[in-house]
> 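Encoded as structure tokens, here's the structure I'll be asking about.
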Amino acid sequence: MIALFFKLLMLLTLASLAAAEDVSFTYNGFRSADISVDGNAQFTPNGILVLTNDTEQQIGHAFYPNPVIFKNSYSNSNAFSFSTTFVFAIRSPLATRGGHGLAFVIAPQRGLPGALNGRFLGLFNLANNGNTTNHVFAVELDTVWTEGFNDIDNNHVGIDINGLKSEDSASAAYYAKKNGGLRNLTLISGQPMQVWVDYDGTKKQINVTLAPINVDKPHAPLISLNYDLSSILNRTMYVGFSSATGSLPTSHYVLGWSFKMNGQAQELALSQLPKLPRIGGKKISKLLTIGVPVIFVSLVFLAILGAIYAIRKKKFAELLEDWELEYGPQRFKYKELYIATKGFREKELLGRGGFGKVYKGILPTSKTEIAVKRISHESRQGMREFVAEIVSIGRLRHRNLVPLLGYCRRKRELFLVYDYMPNGSLDKYLYDQPMATLNWSQRFKVIRGVASGLLYLHEEWEQVVVHRDVKASNVLLDREFNGRLGDFGLARLYDHGTDPQTTHIVGTVGYLAPEHTRFGRATTSTDVFSFGAFVLEVACGRRPIEIKGPLQDVVLVDWVFSCWERGNILEARDRKLGTEIISEQVELVLKLGLLCSHSEPSARPSMRQVVQYLESDIALPKLSLLGLSSSGLTFAPHEGFDDFAQSYPSSSVKGLSNVEPAVLSGGR
Ligand SMILES: *[C@@H]1O[C@H](CO)[C@@H](O)[C@H](O)[C@H]1NC(C)=O
Ligand SMILES: *[C@@H]1O[C@H](CO)[C@@H](O)[C@H](O)[C@H]1NC(C)=O
Ligand SMILES: *[C@@H]1O[C@H](CO)[C@@H](O)[C@H](O)[C@H]1NC(C)=O
Ligand SMILES: *[C@@H]1O[C@H](CO)[C@@H](O)[C@H](O)[C@H]1NC(C)=O
Ligand SMILES: *[C@@H]1O[C@H](CO)[C@@H](O)[C@H](O)[C@H]1NC(C)=O
């Protein structure tokens, strides 16, 4: 009786002992105190167990810190039933490749000493793989196909006993509810998945079940293996996880884990599991390490491009108003002129005139040689009329006019594009030493040419064009040394561009007719006066006014007149001409010069008459009959002209006058 009681007591004690030792735990997220880790394993602040953290060739182990009793103490006893479930996720930098995987493991020691990374999953090494003395049970989630271990593919679940050649394995998949069949899963999808491992110690059966996290435990396991773990599991074992990476920096995460000895593991509270690092976290880090610098460099590059574009745009900005559209063909692009003149280089400078600098250029497309006159112009007032005139002048075609090809307008600048005249301006041949001078026949040809050009402007074109600035420096010589008038109408710009109250007369001292300075009105007669000064200049090789000293200016026309009075007008001729002159022609030209310089506009010949005299079609009237006198010839140097000459010794003058001059005085 007593013996029976003791037996009963003993059984009860044993039962209670066994019950006390039935380990059970549940982690919905981890704290470092819960689990002991080694290798690469660590915890994130929000409670994820990170077995390997995006680092290559690593091992991470995580074990429940206390030993777990799997058997009774007496020998040859059966291993207990157990049940476990966990949620894991594997993230790889590549969508289809990762490595190597993770495993739920039951091992005699926490650390799995000597285990290797890579295909050994941190479980075994070359020497002990498959050795029955290992006493290791594992469920592997293998993402690399290793031929030597008889792996079925690179995405499988396997039951490993003492080694990596699985006792049984299956491609990652799960049985969907209601005969949904087997559905594949991708272990490295980065999505959390749940695994259940159940061992029935009586039936000696291991079931492994897999499912996506949002799916209830499938009714059927993925793997069901009949195997007695009693010989594998020692009495006390450690339970946990092992993971390893190979050459790809893969992250293996465990989000929650529940385990129970001799019973069903408690369900995980899925809603309480820590959230995985944001999807694309890796991409964000790539974005930070590669993307951001690339974006930054791109932005800088774009900014530079933008700046260059803006600068170029500004550099080549033009003024183009609606009214100019009809002048399209005459309009040049600033960029074109800029390229043609090599950026308006000083080296390309042909000369400086009263209105601006002239540059030589070659048009980029047509390779035409051009001369570009760059005129600074502050005011836009009157620009429209001026451009209209310029364009209309551009239609003038005469062999003794420099062809105006077109124009371009920018802020404060106007560009006139002319044909390039290879022999430059006439004044250089008259005055500049040691440049070659022109012989008489060349000079006579130039005079006749200019006369013919002026006649065309005054009478032969559809409108009357007053040149306003006839002088040697505005006569250019083409390849055959024909004189060609340039710069017509330019003076007009300055008239337009200024306040009508203070209109400047623009012309050149010595070429300005007296009535022009007095009344400010430019007419064909004032052009004839200038032409007179010009022919005297050419014949005498002297400027209309030479400033010898403060009190001693030589007015050319006065001097020629005095020579004529003395009966020897040829004395006035240019000495550089030498003896090869045709005296009659020289005399004709000198007399014509005097005639054109008459202070009375009506006494001057018209350009048609001038041409006729020069062609000897009609005879020059006798000067004596015209009542020429020294005082009647010029607008009297004694009458304030000296002031001009002295204030503007450069010979360019801007006298004040209230006038409204006209370049184009309507149709005839
Ligand atoms: C991974 O963890 C190790 C320490 O365990 C650390 O040195 C390393 O910087 C971590 N790497 C990444 C990518 O987080
Ligand atoms: C298994 O391991 C034991 C001891 O660690 C060793 O003596 C034995 O040779 C190993 N056997 C195999 C097949 O590797
Ligand atoms: C599922 O995976 C297996 C093995 O990898 C493959 O043979 C099968 O075609 C896959 N099925 C689907 C629907 O992707
Ligand atoms: C394994 O799965 C089969 C089929 O669903 C089931 O009959 C058996 O009881 C399961 N065994 C364990 C240990 O859960
Ligand atoms: C596990 O048990 C076996 C005998 O069942 C014994 O030989 C071995 O030393 C034990 N291993 C450990 C680590 O206790």
Side-chain angles (χ1 to χ4, degrees), residues 35-41 49-53 55-65 67-68 70 79 82 84 86 88 90 98-152 154-170 172 187-188 195 197 199 206 208 223 225 227 229 231-234 236-248 250-254 257 259:
I35 301 289
S36 74
V37 294
D38 69 69
N40 200 214
L49 168 60
V50 183
L51 292 171
T52 65
N53 68 343
T55 311
E56 298 131 67
Q57 314 291 2
Q58 294 294 325
I59 292 174
H61 291 145
F63 281 90
Y64 181 70
V68 177
F70 275 89
F82 64 87
T84 189
F86 60 93
F88 75 96
I90 303 174
H100 269 257
L102 71 91
F104 167 76
V105 58
I106 303 175
Q109 283 164 296
R110 277 189 302 231
L112 295 159
L116 295 177
N117 62 19
R119 62 197 154 108
F120 291 99
L121 294 178
L123 295 171
F124 305 102
N125 57 42
L126 266 173
N128 71 5
N129 185 33
N131 196 326
T132 49
T133 59
N134 289 331
H135 296 277
V136 170
F137 166 84
V139 175
E140 65 171 34
L141 302 160
D142 195 346
T143 59
V144 175
W145 177 66
T146 306
E147 196 177 8
F149 299 159
N150 299 340
D151 281 354
I152 54 168
N154 63 355
N155 182 45
H156 61 268
V157 182
I159 295 174
D160 297 345
I161 311 283
N162 289 331
L164 288 154
K165 285 184 180 167
S166 301
E167 294 298 322
D168 197 359
S169 64
L187 295 176
I188 60 161
V195 177
V197 179
Y199 177 68
I206 309 159
V208 177
I223 302 169
L225 175 69
Y227 198 100
L229 290 179
S231 63
I232 309 301
L233 302 177
N234 281 14
T236 59
M237 300 289 276
Y238 289 90
V239 293
F241 301 94
S242 176
S243 170
T245 57
S247 53
L248 290 170
T250 307
S251 295
H252 296 96
Y253 304 108
V254 180
W257 179 28
F259 181 92

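Small disclaimer: the values here were computed from a predicted structure and weren't measured.
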> Contact between F259 and V68 at the side-chain level, heavy atoms closer than 4.5 Å - yes or no?
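Touching, per the 4.5 Å side-chain cut-off.
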> Under the 3.5 angstrom rule, does the side chain of N234 hit a backbone N or O of M237 as a donor-acceptor pair?
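It does not hold such a pair.
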> Is the shortest side-chain heavy-atom distance between I161 and F137 below 4.5 Å?
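Heavy-atom side-chain distance check passes, below 4.5 Å.
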> Just wondering, do V239 and T84 contact through their side chains at under 4.5 Å, heavy atoms?
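Side chain of T84 against side chain of V239, heavy atoms only: no contact under 4.5 Å found.
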> Taking all non-hydrogen atoms of both residues, which atom of L116 and which atom of I59 are closest, and how far apart?
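Reported closest heavy-atom pair: C-CD1, 3.4 Å.
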> Distance from I223 atom CD1 to E167 atom CD, nearest 0.5 Å?
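Going from the CD1 atom of I223 to the CD atom of E167 covers 11.5 Å.
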> Search all heavy atoms of A138 against all heavy atoms of A103 and return the closest pair with its distance.
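Heavy-atom minimum between the residues: CB-CB, 4.4 Å.
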> Quick check: does any side chain N or O of H135 sit under 3.5 Å from a backbone N or O of I232, one acting as donor and the other as acceptor?
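Flag set: sc H135 to bb I232 pair under 3.5 Å.
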> What pair of heavy atoms forms the shortest contact from N53 to S251, and how long is it?
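What the structure gives for the nearest pair is C-OG, 3.7 Å.
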> For a side chain to side chain contact (heavy atoms under 4.5 Å, CB included) check, start with the C-alpha distance between S242 and H61, then their side-chain angles and the critical distance, and finish with the verdict.
CA-CA 5 Å; S242 176; H61 291 145; 3.1 Å; yes
> With a 3.5 Å distance limit and no angle check, can you tell me whether S243 reaches the backbone of G101 through a side-chain donor-acceptor pair?
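Confirmed, S243 side chain pairs with G101 backbone.
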> Where do V208 and F104 land on the side chain to side chain contact (heavy atoms under 4.5 Å, CB included) test, with the steps shown first?
CA-CA 11 Å; V208 177; F104 167 76; over 6 Å; no
> For F86 and F88, take the angle between the two ring planes, folded into 0 to 90°, and tell me which bin it lands in: parallel under 30, tilted 30 to 60, perpendicular over 60.
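Rings of F86 and F88: tilted, 30 to 60°.
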> Begin with the C-alpha distance, continue with both residues' side-chain angles, and end with the deciding distance and a verdict on side chain to side chain contact (heavy atoms under 4.5 Å, CB included) for V136 and F124.
CA-CA 9 Å; V136 170; F124 305 102; 3.6 Å; yes
> Verify side chain to side chain contact (heavy atoms under 4.5 Å, CB included) between V37 and L49, making sure each step is shown before the conclusion.
CA-CA 9 Å; V37 294; L49 168 60; 3.9 Å; yes
> Taking atom CD1 of I206 and atom CG of L225, what is their separation to the nearest 0.5 Å?
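Atom-to-atom, I206:CD1 and L225:CG are 5.0 Å apart.
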> Measure across A244 and G122 and return the closest heavy-atom pair with its distance rounded to 0.1 Å.
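Looking at all heavy atoms of both residues, the closest pair is CB-N, 3.7 Å.
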> Any idea which heavy atoms bring R110 and Y64 closest together, and the distance?
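Nearest heavy atoms, R110 then Y64: CD-O, 4.3 Å.
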> Please identify each residue that fulfils ring pair (Phe, Tyr, Trp, His ring centres under 6.0 Å) with Y199, with sequence neighbours left out.
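Once residues adjacent in sequence are excluded, the partners of Y199 under the ring pair (Phe, Tyr, Trp, His ring centres under 6.0 Å) criterion are F82.
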> Under the 3.5 angstrom rule, does the side chain of N129 hit a backbone N or O of L126 as a donor-acceptor pair?
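Side chain of N129 to backbone of L126, a donor-acceptor pair under 3.5 Å: no, none is there.
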> What pair of heavy atoms forms the shortest contact from G114 to N125, and how long is it?
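In this case the closest contact between G114 and N125 is O-ND2, 2.9 Å.
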> Taking the six-membered ring for Trp, are Y253 and F241 closer than 6.0 Å centroid to centroid?
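Ring centroids of Y253 and F241 are no less than 6.0 Å from each other.
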> Short question: side chain of D151, backbone of W145 - any donor-acceptor pair under 3.5 Å?
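Judged by distance alone, no pair lies under 3.5 Å.
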> Could you state the interatomic distance from OG1 (T146) to NZ (K165), rounded to the nearest 0.5 Å?
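Rounded to the nearest 0.5 Å, the OG1-NZ separation comes out at 12.0 Å.
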> Going by the side-chain contact (heavy atoms from CB on, under 4.5 Å) test, name the single residue among I90, L248, N154 that passes it with T143.
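Testing T143 for a side-chain contact (heavy atoms from CB on, under 4.5 Å) against I90, L248, N154 leaves exactly one candidate, I90.
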> Any sub-3.5 Å donor-acceptor pair from N134's side-chain atoms to N128's backbone N or O?
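Yes: the side chain of N134 pairs with the backbone of N128.
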> Quick one: does L164's side chain get under 4.5 Å of R119's, heavy atoms only?
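Side chain of L164 against side chain of R119, heavy atoms only: no contact under 4.5 Å found.
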> Just wondering, do F63 and L112 contact through their side chains at under 4.5 Å, heavy atoms?
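They are in contact (side-chain heavy atoms under 4.5 Å apart), so the answer is yes.
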> Counting N and O atoms only, with roles assigned by atom type, does the side chain of H100 sit under 3.5 Å from a partner on the main chain of L121, one being a donor and the other an acceptor?
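No; zero donor-acceptor contacts below 3.5 Å.
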> I'd like to check N40 versus T245 (side-chain heavy atoms, cut-off strictly below 4.5 Å). Are they in contact?
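Side-chain contact under 4.5 Å: no.
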> For residues D168 and Y227, determine if any side-chain heavy atom of one lies less than 4.5 Å from a side-chain heavy atom of the other.
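Answer no - side chains too far apart.
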> Can you tell if the side chain of L141 reaches within under 4.5 Å of the side chain of V157, non-hydrogen atoms only?
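Sidechains of V157 and L141: in contact.
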> Go through the structure and list residues passing side-chain hydrogen bond (donor to acceptor under 3.5 Å, both in side chains) with D160, not counting sequence neighbours.
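Partners of D160 by the side-chain hydrogen bond (donor to acceptor under 3.5 Å, both in side chains) criterion, ordered by chain and then number, come out as S166.
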> Donor-acceptor pair, distance only, cut-off 3.5 Å: does the side chain of T52 make one with the backbone of T250?
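Pair found, side chain donor or acceptor close to backbone of T250.
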> Look up atom CG in N117 and atom OG in S247, then write down how far apart they are to the nearest 0.5 Å.
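If I round to the nearest 0.5 Å, the distance is 10.0 Å.
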